[in-house]
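Sequence lines set the chain letters: A, B, ... in the order given, protein chains first and strands last, and positions in each chain run from 1. What you are looking at is a predicted structure, and each value in this text was computed from that prediction instead of being measured.
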There are 2 protein chains.
Amino acid sequence: MSGKTTIYDIAKALNITAATVSRALNDNPKISQSTRKLVLETANKMNYKQNKLALALRSGKSNNVGVIVPRINTNFFASVIRGIEEGLHPEGYQVIICQTHEDEDREVENVNTLLNAQVDGIFMSISNLPKENNHYIERVIQKNIPLIFFDRKKEMKNVSSVTIDDYLASYQTTQHLIEQGCEKIAYFSGDRSLEIYEDRYRGYEQALLDNNIPINEDYIISIKSNVVEGRDAVEKLLTLENPPNAIFSTSDFAALGAIQKLKERGIKIPEDFCVFGFGNEPFTKFMELSISTIDQSPLEMGKMAAQVFLDKINNKKSESKVVLLPKLLIRQSSTRIIT
Amino acid sequence: MSGKTTIYDIAKALNITAATVSRALNDNPKISQSTRKLVLETANKMNYKQNKLALALRSGKSNNVGVIVPRINTNFFASVIRGIEEGLHPEGYQVIICQTHEDEDREVENVNTLLNAQVDGIFMSISNLPKENNHYIERVIQKNIPLIFFDRKKEMKNVSSVTIDDYLASYQTTQHLIEQGCEKIAYFSGDRSLEIYEDRYRGYEQALLDNNIPINEDYIISIKSNVVEGRDAVEKLLTLENPPNAIFSTSDFAALGAIQKLKERGIKIPEDFCVFGFGNEPFTKFMELSISTIDQSPLEMGKMAAQVFLDKINNKKSESKVVLLPKLLIRQSSTRIIT
DNA sequence: ATACAAAATGTAATCGATAACACTAAATAG
DNA sequence: CTATTTAGTGTTATCGATTACATTTTGTAT
């Protein structure tokens, strides 16, 4: 009795067949009330639990979905996953999580693993820039398994996506900084071969152009999302002949690093210098000098992604491109003028 | 051609049987080099991927493990999960994540779901205090599925656990605060019906006793882990006739709330008041006034839990109780004396 | 009581991979 | 040149649940 009761065990106990047991358990109309009741009672007594694997093999649906993210221990990704989980759990789906650690090979491997596991759908925030090598993504599409990109998407046919309007977020932020009296705005960019970072850059650029501010290439620095890179970037900026008086960082962590370094140099924020982050990491709110940032509504993003998946599964829509509105959180680090 | 190649398809293509194909793919010795090569080539050409579900059904091993946590979007749990994932991925396991939202029913439900899904092991940080109702846990043990508690454990036979030495962490912290000249130490406690919170309380208590400081019941406040509760608790403490001059909070978030409120009241930290948190949330380090806290090594905890699971699976050990050492991170919020 | 419809149950195939056992063919021993 | 080993394949049952189809039982009408 290692605790594995199957419908055959129940059938044997009641001297009927497994088919009847199955029908009873599934509320099949072709069954008498008496046997149904008997089966249900016995199943309960024998502590029967349906083997989802057997079901999955037969039905071709595993009731699992996969989520592929660069890493899970950042607020953003953890929250999106939570959103997906909350959206899908009521429908009986379990979430399988894979991390790529920003590694391209790992991403390919993860996709394959999930396909082997027969997941019913894949949610993914891409880590790399699958140059021409979309092979592994094509395979998902071919197998007709719903694929939903979130945040870091890639424009493709037959693939859904849920993102925020990164262009708008960036445009509005830049506009805000200009309104605060900053015209020399440095920009910390992520890898622009990823669509979101390209969109953000375009927003920044356009806002400057619309305000007749020329683009200064010296102000544009490519960084990775961490504190140290923010510090280093500021150091570089301050050595310029004509240093900036604001930073729009596409990473909250880099924004934090920038603030640290600026303070060390005795530069006053926001009086002398404004800083704006991106992502609404929890710490941005907690700081003594709270950091202005952009909220990407990760929880809603996850829930929306779940909904897109369900719509596809239920044949309501074949493909959706959902774009959420960014929320500018204007806090102390960029507030000179109180309106 | 929806992209589902099975070994039968390969067999048919080569005019051999599925058994032979299976043997070829599994490097079975009873096969000729020529057919093996042929099969491998054909499998590759037909883009064959093994169906893990079929394998799982037959072998009884799903190669999935389940993780049950209160929530995933906090640094601690996200990091533990990351650790588990990193420890298990090389062995071919996938991680399925479930959240309880601190709800007892949800916890029971999650365990059942994971059992149905035939997971090979369950990692869990318990949300509730299964009074006498250990039924759902017993079932896991009966089915002989490795169960590993982490952090929030419950002492049980046949169940492994990975925790830090909460008693020691608490004792050392209290001792540290006393050494900093604080003898009136308030204590923010979690729910003491959970073992970890009881252990932490005992450490606090013992350290005071060992220093001949009487316990002041007014200083002991039960809180939930968030900023607001920390603020409220401080307010209460400051109305006391004899208010404390230090707080040891078992939650970083509450510690942050406390610091905010103390500053608003013009109380200087650490000169007039020391604060110590618990958990090493990222923000504690980033604050202008960095917050002293205790690191629980969540990544290592996860990796260790993974190892404990593997040891059990491989019959190396039947049950392990691993206790990691806490790391006191003494930062500005509790540093009066610089040694 | 007979015929026939309706209800309830049984039989067997299926999902995909594996493995114990059976079998064929070639290889070696005598 | 026959006997026996052995390398290589084939046959078939299995994991657990579901379901189309077949069969039995029950109920109803005449």
Side-chain angles (χ1 to χ4, degrees), chain A residues 2-40 42-43 46-64 92 115-120 143-145, chain B residues 2-40 42-43 46-64 92 115-120 143-145:
Chain A
S2 72
K4 297 254 175 191
T5 308
T6 72
I7 54 172
Y8 294 94
D9 299 326
I10 299 173
K12 202 174 290 171
L14 294 177
N15 204 30
I16 54 180
T17 63
T20 306
V21 175
S22 173
R23 279 187 279 253
L25 293 170
N26 288 293
D27 267 354
N28 190 306
K30 309 165 148 202
I31 195 143
S32 69
Q33 284 304 320
S34 54
T35 40
R36 165 179 294 148
K37 204 176 153 214
L38 196 59
V39 168
L40 290 177
T42 314
M46 296 177 76
N47 198 27
Y48 168 79
K49 299 279 170 193
Q50 188 188 47
N51 184 328
K52 297 278 183 195
L53 286 180
L55 185 62
L57 177 58
R58 175 151 224 279
S59 68
K61 314 203 90 274
S62 66
N63 276 299
N64 286 148
L115 289 180
N116 292 177
Q118 313 292 120
V119 293
D120 297 339
K143 291 208 178 192
N144 207 28
I145 291 175
Chain B
S2 72
K4 296 253 174 192
T5 308
T6 72
I7 53 171
Y8 295 94
D9 299 326
I10 299 173
K12 200 174 290 174
L14 294 176
N15 205 28
I16 55 180
T17 62
T20 306
V21 175
S22 174
R23 279 188 280 255
L25 292 170
N26 288 291
D27 268 355
N28 190 306
K30 311 163 150 201
I31 195 144
S32 70
Q33 284 305 321
S34 53
T35 39
R36 164 179 295 149
K37 205 176 153 215
L38 196 60
V39 168
L40 290 177
T42 314
M46 298 177 75
N47 198 26
Y48 167 78
K49 299 280 169 192
Q50 187 188 48
N51 183 328
K52 296 279 182 195
L53 285 181
L55 185 62
L57 178 58
R58 174 152 226 279
S59 67
K61 315 203 89 274
S62 68
N63 276 300
N64 286 148
L115 289 179
N116 291 178
Q118 313 292 120
V119 293
D120 297 339
K143 290 208 178 192
N144 207 29
I145 291 175

Can a side chain N or O of B:Q118 be found less than 4.0 Å away from OP1 or OP2 on D:dC15?
-> no

Could you tell me the separation between the OG1 atom of B:T17 and the CD1 atom of B:I7, rounded to the nearest 0.5 Å?
-> 9.0 Å

Contact class for A:I16 vs. all strands (heavy atom < 4.0 Å): base, sugar-phosphate, or nothing?
-> sugar-phosphate

For the pair made of NZ in B:K37 and P in D:dG8, what is the distance, rounded to whole Å?
-> 16 Å

With heavy atoms under 4.0 Å as the rule, sort B:N28 into base, sugar-phosphate or nothing.
-> nothing

Does the distance from a Lys or Arg side-chain N to an Asp or Glu carboxylate O, for B:K4 and B:D9, drop under 4.0 Å?
-> no

Checking all strands, does B:L57 fall into the base, sugar-phosphate, or nothing category for heavy-atom contacts under 4.0 angstrom?
-> base

Nucleotide of D:dT18, D:dA17, C:dA17 approaching A:A54 most closely (side-chain heavy atoms) | D:dA17

How is B:T17 classified with respect to the nucleic acid when contacts are heavy atoms under 4.0 Å: base, sugar-phosphate, or nothing?
-> base

For D:dG10, does OP1 or OP2 lie under 4.0 Å from any side-chain N or O of B:T20?
-> yes

Take the protein atom CD1 of B:I10 and the nucleotide atom P of C:dG16, then report the distance between them rounded to whole Å.
-> 12 Å

Given atom NZ of B:K52 and atom P of D:dC15, what is their separation to the nearest angstrom?
-> 22 Å

If each of A:Q33 and A:Y8 is mapped to the nucleotide of DNA chain C with the nearest heavy atom, which maps nearer the 5' terminus, i.e. the 5' end?
-> A:Q33

d(A:T35 OG1, A:L40 CG) to nearest 0.5 Å is 9.5 Å

What is the distance, rounded to the nearest whole Å, between atom NZ of B:K30 and atom P of C:dA26?
-> 19 Å

With side chains defined as the heavy atoms from C-beta onward, is the minimum distance between B:I31 and B:R23 less than 4.5 Å?
-> yes

Find the distance A:L55:CG to D:dG16:P and express it as a whole number of Å.
-> 14 Å

In Å and rounded to the nearest 0.5 Å, what is the CG to CG distance from B:L14 to B:L38?
-> 4.5 Å

Nearest whole angstrom, please: distance from the P of C:dG16 to the CG of B:L53.
-> 10 Å

Is the shortest heavy-atom distance from the side chain of B:Y48 to the side chain of B:L25 under 4.5 Å?
-> yes

Which whole-number value in Å describes the distance from B:D27 CG to C:dT18 C1'?
-> 15 Å

Using a heavy-atom cut-off of under 4.0 Å over every strand shown, decide if B:I7 touches base, sugar-phosphate, or nothing.
-> base

Phosphate OP1/OP2 of C:dT9 contacted by A:S32 side-chain N/O (<4.0 Å) = yes

Drop me the distance from A:L115's CG to A:I145's CD1, to the nearest 0.5 angstrom.
-> 5.0 Å

Could you tell me the separation between the CG atom of B:L25 and the C1' atom of C:dA17, rounded to a whole number of Å?
-> 10 Å

Sugar-phosphate, base or nothing in reach of B:S59, heavy atoms under 4.0 Å = nothing

Divergence of helical axes at both termini of the helix from C:dA1-D:dT30 to C:dG30-D:dC1 - five pairs an end, 10° steps | 60°

Checking C:dA12, C:dT9, D:dA17 against the side chain of A:A19 (C-beta onward), the nearest is C:dA12

Side chain of A:R23 only, please: which of D:dT11, D:dA20, D:dA17 is the nearest?
-> D:dA20

Solution key, residues 53-63 of chain B side-chain donor-acceptor pairs under 3.5 Å, sequence neighbours excluded:
from: B:S59; atom 1: OG; to: B:L55; atom 2: O; distance (Å): 2.8
from: B:S59; atom 1: OG; to: B:K61; atom 2: N; distance (Å): 3.1
from: B:S59; atom 1: OG; to: B:K61; atom 2: O; distance (Å): 3.4
from: B:S62; atom 1: OG; to: B:N64; atom 2: N; distance (Å): 3.1
from: B:S62; atom 1: OG; to: B:Q118; atom 2: O; distance (Å): 2.7

